[in-house]
Amino acid sequence: LNWRTSIPYLPFVLSGIFLGFLFRKFFFHKVIISAGIPAPIHWMTEVVVWTKYIFTLAIPTGLSVWHYIPMIDSPLNGRFLLSFLFISAVAISALWMLQRQDPLWKAGFFFVSWFFVSLLPTSIIALTAPYQENRGYIAVFGIAGIVAVLLEKGLTWSRFSLFFKRTVS
């Protein structure tokens, strides 16, 4: 990863962050917008919600308009710990993909980033209903992209692929 290539973009990122905070201060009269939920509880709950979006894509059962997600009030909560480990593994694997030279792994990094960035607007602002399926439809395209990358890599590495290449050639 060459950080020098990112430096020209830094002023744009910082001005976007500054304008976002300025916008919040001007229109909402405060920088942090919340639904009365303390920040640690909100972020611990969001980790569980991110995991729920991934599992809803993988196993689409119990689909409903309203999903009850209890607020996570302790970092020792088992649901939070499992979700945190899972999301950490996804983030670490994304960084691993970024370090690879293969363009397919770079695409995998893009898809993982897509998942997190597309959920960022609804994660930053504490909402009264932390999980709604309609917020995750665009985000799950990132997870679907990762599955496609892993399937392509799996087919490339598999014996079936080698057998298929020999028989077709």
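Remember, predicted model here, so these are calculated numbers, not experimental data.
Remark: Tyr131 engages Thr56 in a side chain to side chain donor-acceptor pair (under 3.5 Å) (not counting sequence neighbours). Taking Asp102 as the reference, Lys153 meet the salt bridge (charged side-chain N to carboxylate O under 4.0 Å, His left out) condition, with sequence neighbours excluded.
In this structure a side-chain-to-backbone donor-acceptor pair under 3.5 Å is missing from Lys106 to Met97. In terms of modelled atom types and a separation under 3.5 Å, the side chain of Arg135 and the main chain of Pro121 share no donor-acceptor contact. Checked by atom type and distance alone, the side chain of Thr45 pairs as donor or acceptor with a backbone atom of Ile72 at under 3.5 Å.
Through chains of ILVMFWY side-chain contacts below 4.5 Å, Leu22 is grouped with Phe18, Leu19. Leu10 belongs to a hydrophobic cluster whose remaining members, ordered by chain and number, are Leu14; membership requires side-chain heavy atoms of ILVMFWY residues under 4.5 Å apart, directly or through intermediates.
Here the closest heavy-atom approach between residue Ser123 and residue Glu46 is recorded as OG-OE1, 3.0 Å.
Under the 4.5 Å side-chain contact rule for hydrophobic residues, Leu95 and Trp105 do not share a cluster. By the criterion of side-chain heavy atoms lying less than 4.5 angstrom apart, applied directly or through intervening Ile, Leu, Val, Met, Phe, Trp or Tyr residues, Trp114 is grouped together with Trp96 in one hydrophobic cluster. Leu98 and Leu150 fall within the same hydrophobic cluster, defined by Ile, Leu, Val, Met, Phe, Trp and Tyr side-chain heavy atoms under 4.5 Å apart, directly or through other members.
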Hey, can you pull the donor-acceptor pairs under 3.5 Å for the side chains in residues 136-149, sequence neighbours left out?
none

Residues 77-92 side chain polar contacts: donor-acceptor under 3.5 Å, at least two apart:
{"from": "Asn77", "atom 1": "OD1", "to": "Arg79", "atom 2": "N", "distance (Å)": "2.8"}
{"from": "Ser83", "atom 1": "OG", "to": "Arg79", "atom 2": "O", "distance (Å)": "2.9"}
{"from": "Ser88", "atom 1": "OG", "to": "Phe84", "atom 2": "O", "distance (Å)": "2.7"}

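By the 4.5 Å heavy-atom criterion applied to side chains, Arg100 and Phe109 are not counted as neighbours.
Taking the six-membered ring for Trp and the full ring otherwise, Trp50 and Phe115 have centroids separated by 6.0 Å or more.
In this structure, NE2 on His42 lies 8.5 Å from CE on Met71, to the nearest 0.5 angstrom. Taking OG1 of Thr51 as the reference point, atom CD1 of Ile54 lies at 6.0 Å (rounded to 0.5 Å).
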